[in-house]
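What follows is a single structure, written as structure tokens, with notes after it.
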Amino acid sequence: MVRLLTTTPKADGFRMPAEFEPHAGTWMLWPERPDNWRLGAKPAQHAFVAVAAAIAQGEPVTVGASPRQFANARAMLPPHVRVVELSNNDAWMRDCGPTFVVDEGGALRAVDWIFNAWGGLDGGLYFPWDQDDLVASKVAEIERVDRYRAPIVLEGGSIHVDGEGTLLTTEECLLNPNRNPGLSRADIEQALSDYLGIEKTVWLGLGVVDDETSGHIDNLCCFIRPGVVALTWTDDKSDPQYEISRDAFERLSAATDARGRRFEIHKLHQPGPLYISDEESRGVDAVEGTQPRRAGARLAASYVNFYIANGVIAMPAFGDPRDGEAAARLETLFPDRKVLPVPAREILLGGGNIHCITQQQPAPRRMKA
């Protein structure tokens with residue numbers, strides 16, 4: 001029996017592990033909505049297949065698909081990727097899926113955040129989002145793990161943890177009034193502590209330019225290992241991203257983590273800038289209440305939006321001259337993992353990237369006697 005718990009993970013001795021800790025597998029959702037993904041989502045589906053195949057080189061992958069798309073997803077995905085029927089509103093498993101937490105005894109539980117499509121009726125990206133808000137509970141049922149229903153609106157892409165008590169986030173997102181208008185910064189920090197078992201929140205300012213998620217941290221900065229982070233960067237002082245990344249660099253340089261360490265910061269230069277083409281824009285259905293995809297709009301492209309899996313790094317590639325530089329940088333930062341660049345422009349056109357469409361399920365390790 002899967003229980004809906006009324007306690008908190010921290011009170012029960014649970015914490016969110018870092019992404020670079022061992023995984024039991026990865027969860028994804030299958031794209032299909034033509035008002036977000038161009039040409040009926042066919043190009044995006046091929047990109048999702050490539051991401052799943054890359055990650056599956058290191059760990060099991062499960063893809064949830066709607067009843068309408070189950071047979072198609074099963075036919076397109078490699079046979080060693082598990083496909084389950086899972087109703088949803090769109091394919092952003094990082095943001096609507098569960099955040100898994102573990103304890104030292106080897107138990108696994110799920111945190112089910114309130115999801116409101118990145119802003120609800122005040123700036124949200126689509127309506128309805130009712131099926132997305134059920135995804136975390138359905139994943140918990142499939143995996144037979146107990147679940148906490150957290151009392152705040154939060155997307156998984158808005159947080160990064162080091163597994164040793166430190167959390168990174170942005171003010172632009174978690175302090176946005178369209179998420180939790182009645183909560184102060186201190187209230188949000190307390191909720192993060194209660195539901196993720198963290199001890200210290202490090203606040204950065206804005207996220208990547210024109211990121212429609214209200215500046216998710218996973219597009220701007222992430223942990224490589226405890227005390228070490230990657231930060232999206234540009235050397236172009238005329239680009240608005242320069243001041244944003246410089247501010248983040250200064251905040252990180254002045255901060256310490258939960259263990260008192262200074263941060264070692266590695267810059268990953270952004271691609272482009274990249275923009276939606278007229279052809280790409282015309283391939284998306286225009287539907288009222290859904291984020292439009294207008295030609296000439298800047299895309300929130302970032303190499304920081306990679307995913308750390310067992311033995312591999314799934315890195316977004318954009319057909320940009322800086323792709324090779326980013327891959328080489330990540331190979332240096334992750335010498336024990338194989339860096340796999342995956343063509344990801346089609347995912348970017350939908351509003352996110354590889355990290356946004358994946359969610360890790362940690363592999364709990366029992367304490368040695």
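None of these values were measured; they are calculated from a predicted model.
- Separation of the Phe334 and Phe306 ring centroids falls under the 6.0 Å cut-off.
- Residues passing the salt bridge (charged side-chain N to carboxylate O under 4.0 Å, His left out) test with Glu189, sequence neighbours excluded: none.
- Between Trp129 and Leu121, the closest heavy-atom pair is CH2-N, 3.9 Å.
- Looking at Glu141 and Arg3, no side-chain N of the basic residue comes within less than 4.0 Å of a carboxylate O on the acidic one, giving no salt bridge.
- No donor-acceptor pair under 3.5 Å is formed between the side chain of Arg15 and the backbone N or O of Val101.
- Note: Arg109 CZ to Asp103 CG = 7.0 Å, rounded to the nearest 0.5 Å.
- The distance from atom CD1 of Ile313 to atom CG of Leu330, rounded to the nearest 0.5 Å, is 6.5 Å.
- Every side-chain contact (heavy atoms from CB on, under 4.5 Å) that Glu325 has, sequence neighbours left out, goes to His269, Arg322.
- No side-chain donor from either of Ser281 and Asp278 sits under 3.5 Å from a side-chain acceptor of the other.
- Residue pairs satisfying the side-chain hydrogen bond (donor to acceptor under 3.5 Å, both in side chains) criterion with at least one member in residues 339-348, sequence neighbours excluded, are listed as follows: Arg38-Glu346, Glu280-Arg345.
- When only modelled atom types and interatomic distance are considered, Gln190 and Asp194 share a side-chain donor-acceptor pair under 3.5 Å.
- For Gln359 and Trp27, the side-chain atoms include no donor-acceptor pair closer than 3.5 Å.
- Put simply, the side chain of Thr358 gets close to the backbone of Ile354: a donor and an acceptor are under 3.5 Å apart.
- Residues forming a ring pair (Phe, Tyr, Trp, His ring centres under 6.0 Å) with Trp37 (at least two apart in sequence, or on another chain): Phe48, Trp92.
- Here the side chain of Thr166 pairs no donor or acceptor atom with the backbone of Asp162 at under 3.5 angstrom.
- Donor-acceptor pairing under 3.5 Å is recorded for the side chains of Ser214 and Arg179.
- His46 places none of its side-chain heavy atoms less than 4.5 Å from the side chain of Val49.
- Taking the side chain as every heavy atom from C-beta outward, Leu192 and Leu174 approach each other to under 4.5 Å.
- Interatomic distance, Ile244 CD1 to Leu206 CG, rounded to the nearest 0.5 Å: 5.0 Å.
- Counting only N and O atoms by type, the side chains of Glu21 and Gln360 include no donor and acceptor under 3.5 Å apart.
- Within the 3.5 Å criterion, the main-chain N or O of Trp113 finds a donor-acceptor partner in the side chain of Arg149.
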List the steps, then state whether salt bridge (Lys or Arg N to Asp or Glu O under 4.0 Å) holds for Glu243 with Arg246. CA-CA 5 Å; Glu243 288 300 327; Arg246 187 176 65 85; 2.5 Å; yes
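- With sequence neighbours excluded, the residues satisfying side-chain hydrogen bond (donor to acceptor under 3.5 Å, both in side chains) with Tyr307 are His23, Thr26.
- Of the possible donor and acceptor atoms, one in the side chain of Gln45 sits under 3.5 Å from a partner among the backbone N and O of Pro31.
- Residues that satisfy the side-chain hydrogen bond (donor to acceptor under 3.5 Å, both in side chains) test with Lys267, not counting sequence neighbours, are absent from this structure.
- Minimum interatomic distance between Asp239 and Pro273 (heavy atoms only, all atoms of both residues): OD2-CG, 3.4 Å.
- Checked against ring pair (Phe, Tyr, Trp, His ring centres under 6.0 Å), Phe20 has no partners two or more places apart in sequence or in another chain.
- Distance check: Asn353 CG to Asp218 CG gives 9.5 Å after rounding to the nearest 0.5 Å.
- When side chains are defined from C-beta on, Lys338 counts as touching Gln57, because their heavy atoms get closer than 4.5 Å.
- Judged by distance alone, the side chains of Thr213 and Asp211 do bring a donor and an acceptor atom under 3.5 Å apart.
- Paired with Tyr148 under the rule side-chain hydrogen bond (donor to acceptor under 3.5 Å, both in side chains), one option of Thr6, Asp12, Thr8 passes, and it is Asp12.
- Salt bridge present: Arg251 and Glu171 bring a charged side-chain N and a carboxylate O closer than 4.0 Å.
- In the model, Gln270 has no side-chain atom that pairs as donor or acceptor with a side-chain atom of Gln241 under 3.5 Å.
- When only modelled atom types and interatomic distance are considered, Asn88 and Asp132 share no side-chain donor-acceptor pair under 3.5 Å.
- Remark: Asp285 does not engage Arg33 in a salt bridge, criterion side-chain N to carboxylate O under 4.0 Å.
- Not a single donor-acceptor pair under 3.5 Å links the side chain of Tyr303 to the backbone N or O of Thr232.
- Within the 4.5 Å cutoff, the side chain of Met16 has heavy atoms near those of the Ile159 side chain.
- Side-chain contact between Ser66 and Phe70: absent, with no pair of heavy atoms (C-beta onward) separated by less than 4.5 Å.
- Ser137 and Asp112 are not linked by any side-chain donor-acceptor pair at a separation below 3.5 angstrom, with hydrogens and angles left out of the test.
- Going from atom OG of Ser158 over to atom CG of Leu167 covers 8.0 Å, rounded to the nearest 0.5 Å.
- Between the side chain of Asn305 and the backbone N or O of Pro316 there is no donor-acceptor pair closer than 3.5 Å.
- In this view, Tyr126 and Trp118 satisfy the ring pair (Phe, Tyr, Trp, His ring centres under 6.0 Å) rule, not counting sequence neighbours.
- Put simply, the side chain of Leu340 does not reach to within 4.5 Å of the side chain of Met315, judged on heavy atoms.
- At least one donor-acceptor pair closer than 3.5 Å links the side chain of Asp257 to the backbone N or O of Gly260.
- Remark: the backbone N or O of Ala300 is paired with a side-chain donor or acceptor of Asn219 at under 3.5 angstrom.
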Side-chain donor-acceptor pairs of residues 287-296 under 3.5 Å, sequence neighbours excluded:
{"from": "Thr290", "atom 1": "OG1", "to": "Asp35", "atom 2": "OD2", "distance (Å)": "2.9"}
{"from": "Arg293", "atom 1": "NE", "to": "Asn36", "atom 2": "OD1", "distance (Å)": "3.3"}
{"from": "Arg293", "atom 1": "NE", "to": "Leu349", "atom 2": "O", "distance (Å)": "3.3"}
{"from": "Arg293", "atom 1": "NH1", "to": "Glu212", "atom 2": "OE1", "distance (Å)": "2.7"}
{"from": "Arg293", "atom 1": "NH2", "to": "Asn36", "atom 2": "OD1", "distance (Å)": "2.6"}
{"from": "Arg293", "atom 1": "NH2", "to": "Glu212", "atom 2": "OE2", "distance (Å)": "3.0"}
{"from": "Arg293", "atom 1": "NH2", "to": "Gly350", "atom 2": "O", "distance (Å)": "2.8"}

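- Residues satisfying the side-chain hydrogen bond (donor to acceptor under 3.5 Å, both in side chains) criterion with Thr170, sequence neighbours excluded, are absent altogether.
- Note that CG of Leu231 and CG of Leu268 are 8.5 Å apart. Values are rounded to the nearest 0.5 Å.
- By the ring pair (Phe, Tyr, Trp, His ring centres under 6.0 Å) test, Trp203 pairs with no residue at all, sequence neighbours left out.
- Looking only at atom types and distance, the side chain of His355 has a donor-acceptor partner in the side chain of Glu19 under 3.5 Å away.
- A donor-acceptor pair is defined here as one N or O able to donate and one able to accept, closer than 3.5 Å; such a pair exists between the side chain of Glu59 and the backbone of Asn310.
- Listed by chain and number, the residues in a salt bridge (charged side-chain N to carboxylate O under 4.0 Å, His left out) with Asp235 amount to none (sequence neighbours excluded).
- A donor atom on one side chain and an acceptor atom on the other are not found under 3.5 Å apart for Ser193 and Glu199.
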